[in-house]
There are 2 protein chains.
Amino acid sequence: MPGRSTIQQVARSLGVSPSTVSRAFNAPHLLKEETVSAVVATAERMGYVPNLHARALVTGKTGLIGLIVPDITNPFFPPLVRAAQRAAETRGLSVMIAETNSLPERERAHIASLAPHCGGLIIASSRLTPEELRHVADSTRVVLVNNDTEGVARVLISSASALTEGIHALVARGARRFCYVGGPHRSWSEFERRSTLEQLAAELDLDATYHRDESGTYHEARMMTATVDCETDAVIAFDDVIACGVLDGLSDRGLRVPEDMALLGCDDALPVQTRPRLSTIRLRAAEGVTEAVRMVTEATGSTVDEERVLLPGVLEFRETT
Amino acid sequence: MPGRSTIQQVARSLGVSPSTVSRAFNAPHLLKEETVSAVVATAERMGYVPNLHARALVTGKTGLIGLIVPDITNPFFPPLVRAAQRAAETRGLSVMIAETNSLPERERAHIASLAPHCGGLIIASSRLTPEELRHVADSTRVVLVNNDTEGVARVLISSASALTEGIHALVARGARRFCYVGGPHRSWSEFERRSTLEQLAAELDLDATYHRDESGTYHEARMMTATVDCETDAVIAFDDVIACGVLDGLSDRGLRVPEDMALLGCDDALPVQTRPRLSTIRLRAAEGVTEAVRMVTEATGSTVDEERVLLPGVLEFRETT
DNA sequence: TCTTGTCATGCAAACGTTTGCATGCGACGG
DNA sequence: CCGTCGCATGCAAACGTTTGCATGACAAGA
């Protein structure tokens, strides 16, 4: 009968004290080698597996890290949770996942329920205010992903430089009138992409109009495409699923991509390919969240030192530009 | 200063015993109403939040449920983890997630590491042998999703009846030569879909050939499509991302869908739409995993009673058939 | 031989809860 | 006025670990 058996049973069965068994795993250098091997052998035989709760209780280290994401069905996030899980795994940690549906309400609730029990929290694309975030970061280990609030550790999976490059390339090919189809409000990525275009539009004296697909879904984007000016030279979409909606929306209107209008997406996380193949910005999401896990686990105090890592994406011109 | 404060501090600050504070939350009917409200008030004020580990230690209930999935980047799974998380949330539980990459090795490891600390385990699309699964189900609460091993509780998100219906409809329209493009080995869903076609092919005297996209990716499917016989009347794809690969693969070869060849996918979980719109089978994945959560939490003993729930999908003919 | 030191192990407290049992108190029936 | 009962609360043990400190054995140095 394998499974649950305590450190005490192992100890008794060996005629040693529980401390010895504990040390055999946590501080083997304190014990005679033969003792260690004897302990691990019987522990193995008896199917002993340490009770994490008991350990957490005494050490204060829970072995858990919480990951909060707005919308797991958005293809940007699954690779991110995968990477988080892998990174945690290599450190012997497990990850608890929570989804907020982009609702600050739910985000708050999940933070409150996860924070006390996790060694650290990774919050992706937070919709909370800087004050609020700083406040939670005051009492628990937090690293933000794609949220640039000063004073708290954060990793930014950035598209700005690649987008700048892309817009310049588009302009070089004669584009003057741009249209940005944005994603969710209060998202840092949305802000970054939109303001990159705004800034360049000002600098280069471009025409730019702005739309928004609040839900971030293909269908809303496709519907909304009906309202984009047909004189537009290039559409910049917040992400690839919105870009796909736009692509099909344009096609609905008989507009050809890229001949009539160029289209640039973002993320490069779609499980399928479009035709024509979507130009996009490849983001270093997995890398970013791996870094986040590192930061949150390497924190020494009850809080993680401010650090701001920025991972620029890379422009991937394919067939829609 | 909010955050960590123990039951004892709350008790002391009120001049009552820790038991009273505990009962105020867990068994309020044992206390005077005014005591209860006094306790919750100061607990709130002091930012008290129960330590789950301490609780788990004494009660043996951990408040965690583990969810094991093969590949979270496959669009079938995110809605499933979302549903699991929601269902858990309504019961005051959290879910720990682990990804196996379809490797039995990793699946075993995750089961071993999760099982001892979770109240229950939901294993989706397990690649383990029936014996192995029964063995783990012997000592821990397990419910399988999309794996039909007898003797352990399971919910099957089934496509058989819808697929049968779809094949009949295709045959009625004159299709005789079918090609099945399968997904991962050892997957129950794969087995179900393939054998549905096999059986119908025998019954109705159809021609059927079988291919496999082991990785389940768009690209492999698209490549492999080069090998499907151009006389084929209809392609049945294991899932929608494979179907998309096939769709584009056929187009690469100058074959039109549905004129030259019909195409039927499965899952209806793609974040985007194809053109022509993919015919598929809408699976009740969210519903299924919600049920799984119910089963795993309502189990009374240290094991969950065998129960086999089967949720038939619904056929969704769109433009590729 | 005695001291000193090192090395391996045991003892017991502590972590923050829950919960069976005991206790004290007031009310009520006789 | 006493006995009994029920109700609200307190006491203390228990859950399975980790860890600072104590202890014992044994070796080496004096």
Side-chain angles (χ1 to χ4, degrees), chain A residues 2-40 42-43 46-64 92-94 113 115-119 302, chain B residues 2-40 42-43 46-64 92-94 113 115-119 302:
Chain A
R4 46 277 340 215
S5 109
T6 80
I7 215 177
Q8 323 227 25
Q9 300 175 310
V10 175
R12 200 165 322 131
S13 137
L14 248 91
V16 303
S17 87
S19 338
T20 302
V21 178
S22 174
R23 283 192 265 255
F25 293 107
N26 306 317
H29 59 278
L30 292 181
L31 264 38
K32 268 204 303 225
E33 264 195 36
E34 58 206 52
T35 315
V36 172
S37 46
V39 168
V40 306
T42 47
M46 301 181 61
Y48 167 70
V49 26
N51 181 321
L52 288 200
H53 303 290
R55 173 180 303 177
L57 188 52
V58 47
T59 62
K61 327 247 77 205
T62 68
L64 299 177
L93 306 174
S94 305
S113 86
H117 319 300
C118 292
S302 75
Chain B
R4 46 275 340 214
S5 106
T6 80
I7 216 177
Q8 325 227 24
Q9 299 174 311
V10 176
R12 199 165 322 129
S13 139
L14 248 90
V16 302
S17 88
S19 340
T20 301
V21 178
S22 173
R23 286 193 262 257
F25 293 107
N26 305 318
H29 60 278
L30 292 181
L31 265 39
K32 268 203 304 225
E33 265 195 35
E34 59 205 54
T35 315
V36 173
S37 46
V39 169
V40 306
T42 45
M46 299 180 64
Y48 166 69
V49 28
N51 181 321
L52 288 200
H53 304 289
R55 173 178 304 178
L57 189 53
V58 45
T59 62
K61 324 249 80 206
T62 67
L64 299 178
L93 308 174
S94 304
S113 87
H117 319 300
C118 290
S302 75

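Every heavy atom of this structure was used, including side-chain atoms; hydrogens, water molecules and symmetry mates were not. Residue numbering restarts at 1 for every chain, and letters A, B, ... go by the order of the sequence lines.
- A straight line from NE2 of B/H29 to C1' of D/dG6 spans 14 Å, rounded to a whole angstrom.
- Regarding A/R23, its CZ atom lies at a distance of 8 Å from the P atom of C/dG10, rounded to whole Å.
- Between the CD atom of B/E33 and the P atom of D/dT9 there is a distance of 12 Å, given to the nearest Å.
- A/L57 contributes atom CG, which lies 6.0 Å from atom CG of B/N51 (distance to the nearest 0.5 angstrom).
- Comparing D/dT18, C/dT17, D/dC11 by their closest approach to the side chain of B/S17 singles out D/dC11.
- For the pair A/I7 and A/Y48, the tightest heavy-atom approach, listed with the atom from each and the gap, is N-CE1, 3.5 Å.
- If you measure from atom NZ of B/K61 to atom P of D/dC15, you get 17 Å, rounded to the nearest angstrom.
- Looking at every heavy atom in both residues, B/G119 comes nearest to B/T62 through N-OG1, 3.0 Å.
- Phosphate proximity of D/dT17 to A/N51: absent, as no side-chain N or O sits under 4.0 Å from OP1 or OP2.
- The NE2-C1' distance, from A/H117 to C/dG16, rounds to 12 Å in whole Å.
- Here D/dC15 presents its P atom at 14 Å from CD1 of A/I7, a figure rounded to the nearest Å.
- With B/S94 contributing its side chain and B/L64 its backbone, the two residues share no donor-acceptor pair below 3.5 Å.
- To the nearest 0.5 Å, the span separating NE2 on A/H117 from NE2 on A/H53 amounts to 11.5 Å.
- Here A/T6 lies in heavy-atom contact (under 4.0 Å) with sugar-phosphate atoms only.
- Taking atom CG of residue B/L57 and atom P of nucleotide D/dT17, one finds them 9 Å apart after rounding to whole Å.
- Within the 4.0 angstrom heavy-atom criterion, only backbone atoms of the sugar-phosphate kind lie near A/T59; the bases stay farther away.
- In this structure, B/S19 reaches the bases: a heavy-atom distance under 4.0 Å links it to at least one base atom across the strands shown.
- Side-chain N/O atoms of A/S22 include one lying less than 4.0 angstrom from OP1 or OP2 on D/dT18.
- In this structure, B/Q8 places its CD atom 13 Å from P of D/dG10, rounding to the nearest Å.
- If B/A54 and B/T20 are placed on DNA chain C by their nearest nucleotide, the residue sitting closer to the 5' end is B/A54.
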